[in-house]
Amino acid sequence: MKKFRNIVLAGLAGLSLLLAACAGGPSEEQLQKLIETRQAAEAAEEQCQELQQQVQDLQAELEQKQQELARAKAERSRVERTVSEGGQ
């Protein structure tokens, strides 16, 4: 995501320079659009980081649940062995 952000910011900087060189400076509307675009890029990066954290949290939870399942299966096997040994 940092690569995307850097590309967006580089594009915005290039666009700013192009507008400044060709038009004698950016208009208020162009500056406002630039600010809005930068804010949108920053918001997208923040959302990406939040989603990456959610993925990490869910992966940790999945690992914990898999361990619980393995323990439950082992306990079931132990109980089944105990029942089958006691029933003979």
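Since the structure is predicted, the reported quantities are computational estimates derived from the model, not experimental observations. What you see below is based on every heavy atom in this structure, not just the backbone, and it leaves out hydrogens, waters and symmetry mates.
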Value for CD (Q49) from CD (E45), rounded to nearest 0.5 Å, stands at 5.0 Å
V55 meets the side chain to side chain contact (heavy atoms under 4.5 Å, CB included) criterion, sequence neighbours left out, with Q59
Salt bridge (charged side-chain N to carboxylate O under 4.0 Å, His left out) filter on E50, not counting sequence neighbours, yields none
Here the gap from Q52 atom CD to C48 atom SG, rounded to the nearest 0.5 Å, amounts to 4.0 Å
Here the gap from K65 atom NZ to L58 atom CG, rounded to the nearest 0.5 Å, amounts to 11.5 Å
Across all chains, not counting sequence neighbours, the side chain to side chain contact (heavy atoms under 4.5 Å, CB included) partners of Q54 are L51
Residue set satisfying side-chain hydrogen bond (donor to acceptor under 3.5 Å, both in side chains) with Q53, at least two apart, ordered chain then number -> D57
Sequence neighbours excluded, the answer for side chain to side chain contact (heavy atoms under 4.5 Å, CB included) partners of R71 is Q67, E68
With sequence neighbours left out, the residues meeting side-chain hydrogen bond (donor to acceptor under 3.5 Å, both in side chains) with Q32 are E36
Distance col, row T37:OG1 vs Q30:CD, nearest 0.5 angstrom, shows 11.5 Å
With sequence neighbours left out, the residues meeting side chain to side chain contact (heavy atoms under 4.5 Å, CB included) with E75 are R78, V79
The side-chain hydrogen bond (donor to acceptor under 3.5 Å, both in side chains) partners of E29 (sequence neighbours excluded) come to K33
